[in-house]
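All remarks here apply to the structure that follows.
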There are 2 protein chains.
Amino acid sequence: MGWTLVVTPGQALFHEGDRADRVFTLTNGCVKLYKLLPDGRRQVTGFLFPGDFLGVSVFDEHAFTAEALGECQLCWFPRSRFDRYVETQPAMERELYRAAAHELAAAQQQLVLLGRKTAAERLASFVLELADKASRSPERAGRFVDLPMSRSDIADYLGITKETVSRALSLFKSQRLIRLETLNRIEILDAEGLKDVADGGLEF
Amino acid sequence: MGWTLVVTPGQALFHEGDRADRVFTLTNGCVKLYKLLPDGRRQVTGFLFPGDFLGVSVFDEHAFTAEALGECQLCWFPRSRFDRYVETQPAMERELYRAAAHELAAAQQQLVLLGRKTAAERLASFVLELADKASRSPERAGRFVDLPMSRSDIADYLGITKETVSRALSLFKSQRLIRLETLNRIEILDAEGLKDVADGGLEF
DNA sequence: CGTCGGCTTGAGATAGTTCAAGAGCGGTGG
DNA sequence: CCACCGCTCTTGAACTATCTCAAGCCGACG
């Protein structure tokens with residue numbers, strides 16, 4: 001029902017502007033999506049986890065680059081085949097719409113983060129977002145949150161620098177909100193406290 | 001085929017969290033969409049112009065507040081009626097999907113703006129975005145761009161302060177990129193120059 | 001066990017914010 | 001029709017969160 005594809009860490013599945021002629025489902029590993037400005041500034045628009053779909057688009061060209069974070073395994077189809085399949089399945093059309101609406105709502109939430117939150121609020125929101133995603137997956141649940149991406153990737157997702165990410169993490173450690181089990185794995189010690197930080201602290 | 005509604009300047013059509021039980025089309029006037037943080041910080045997520053749809057959502061609750069900029073005239077239907085109509089029209093389902101995908105692409109472009117652009121780049125992008133929208137409408141075309149929203153609204157859309165908006169406009173005036181015909185109407189003197197600013201200047 | 005690359009921490013620079021006046025426009029009433 | 005008033009917009013000056021640049025640190029890997 002499709003072809004299997006294995007990509008190495010850092011390898012791009014496709015670039016912004018490439019012809020969108022394949023659709024993927026991520027079976028193993030994580031992927032980052034980003035857009036670049038002409039001078040190299042980068043905005044990460046999202047991260048994908050096992051089970052996520054990729055490359056479905058109503059446009060001819062991809063609007064962003066997709067790059068493997070670690071080693072990834074994917075399953076892909078030609079887009080033409082996918083489109084033909086969708087046309088025969090009215091329920092699928094609806095499902096695509098629902099998925100796009102969810103992505104749109106998430107993007108609008110991210111607009112608030114990028115437009116109006118402080119560095120600490122951004123990082124707290126990010127940790128909780130990952131924790132929330134993990135809690136829905138059977139296996140990855142619990143107080144621990146994996147960070148499969150680098151500090152730079154987090155920074156480019158949150159619209160800050162990698163140094164500011166480090167400093168905010170250190171701040172949270174000193175406040176006993178989190179603990180770094182390893183460099184890429186956070187233990188949440190105080191989810192409530194983190195939530196308070198994420199939405200602007202307790203002001204009144 | 002629906003009811004007419006006239007709202008006065010500053011009046012909200014609905015608030016974030018309200019039950020989404022009506023769909024609208026804006027026949028006259030302009031609307032701003034925004035989300036608030038608990039402490040009052042605001043992120044404007046978009047502006048609507050005559051002909052735009054509003055309130056179509058797969059969710060039960062509105063994800064943002066919609067507020068009239070000036071006096072507005074709208075046409076609305078109960079959502080239940082709209083949903084029933086969509087179900088009978090497979091082409092409509094597809095059109096909704098296409099619309100959501102376009103909004104998503106626009107939101108991702110705005111993520112780049114909010115995450116990585118400087119104040120001047122943000123304002124230049126904004127002016128060009130309005131000019132581009134206007135150029136598609138038969139009547140509003142030309143070098144002139146109307147700003148139906150306040151400086152604060154622009155600021156909250158671009159993730160900066162109203163003072164910074166003013167300063168960037170003054171900068172563009174001094175560089176002969178634009179002229180303010182009136183406070184709320186810009187004449188674009190150098191679209192190319194504005195484009196260069198919008199995407200990070202000419203670096204090489 | 002040493003090296004390399006990413007992470008953390010520090011110190012100084014800065015873009016943008018905040019706070020504070022003034023200026024200009026539009027609306028109102030004399 | 002003009003003068004006044006209120007509000008938004010502009011400009012200025014000081015402040016600050018974040019960035020930039022520069023070491024050291026530390027963990028992963030050979």
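Keep in mind that the numbers below use all heavy atoms, side chains included, and drop hydrogens, waters and symmetry copies. Below, chain A is the first sequence line, B the second, and so on; all start at residue 1.
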| query | Taking side chain as C-beta onward, heavy atoms only, is A/F49 less than 4.5 Å from A/K133? | reply | yes

| field | A/E121 bridged to B/R41 by N-O distance under 4.0 Å | value | yes

| request: Using whole Å, report how far CZ of B/R41 lies from C1' of C/dT17. | output: 13 Å

| NA contact type, B/T164, heavy-atom cut-off 4.0 Å: base, sugar-phosphate, or nothing? | base

| request: Write down the distance between CG (A/D153) and C1' (C/dC7), rounded to a whole number of angstrom. | output: 13 Å

| Length of the line joining B/E163:CD and C/dA15:P, which is rounded to integer Å | 18 Å

| note | Here the distance between atom P of C/dG16 and atom CD of B/E121, to the nearest Å, is 9 Å

| field | Whole-Å gap separating P (C/dG5) and CG (A/L183) | value | 17 Å

| request: Whole angstrom is fine here: how far is it from CG in B/L169 over to C1' in C/dG24? | output: 15 Å

| A/F172 CZ to C/dT8 P, straight-line distance once rounded to whole Å | 13 Å

| query | Do the side-chain N or O atoms of B/T161 get closer than 4.0 angstrom to the phosphate oxygens (OP1, OP2) of C/dT17? | reply | yes

| B/F126/B/Y157 aromatic ring centres below 6.0 Å | yes

| request: Check the distance between C/dG5's P and A/N184's CG and give it to me in whole angstrom. | output: 17 Å

| query | Should the pair A/K195-A/D199 be classified as a salt bridge under the 4.0 Å nitrogen-to-oxygen rule? | reply | no

| said: Suppose we call a contact any N or O donor and acceptor under 3.5 Å apart; does that hold for the side chain of A/R167 and the base of C/dG10? | reply: yes

| said: Both A/T182 and A/A119 contact DNA chain D. Which one's nearest nucleotide lies toward the 5' end? | reply: A/A119

| message | Considering every strand and a 4.0 Å limit on heavy-atom distances, what is the contact class for B/L180: base, sugar-phosphate, or nothing? | response | sugar-phosphate

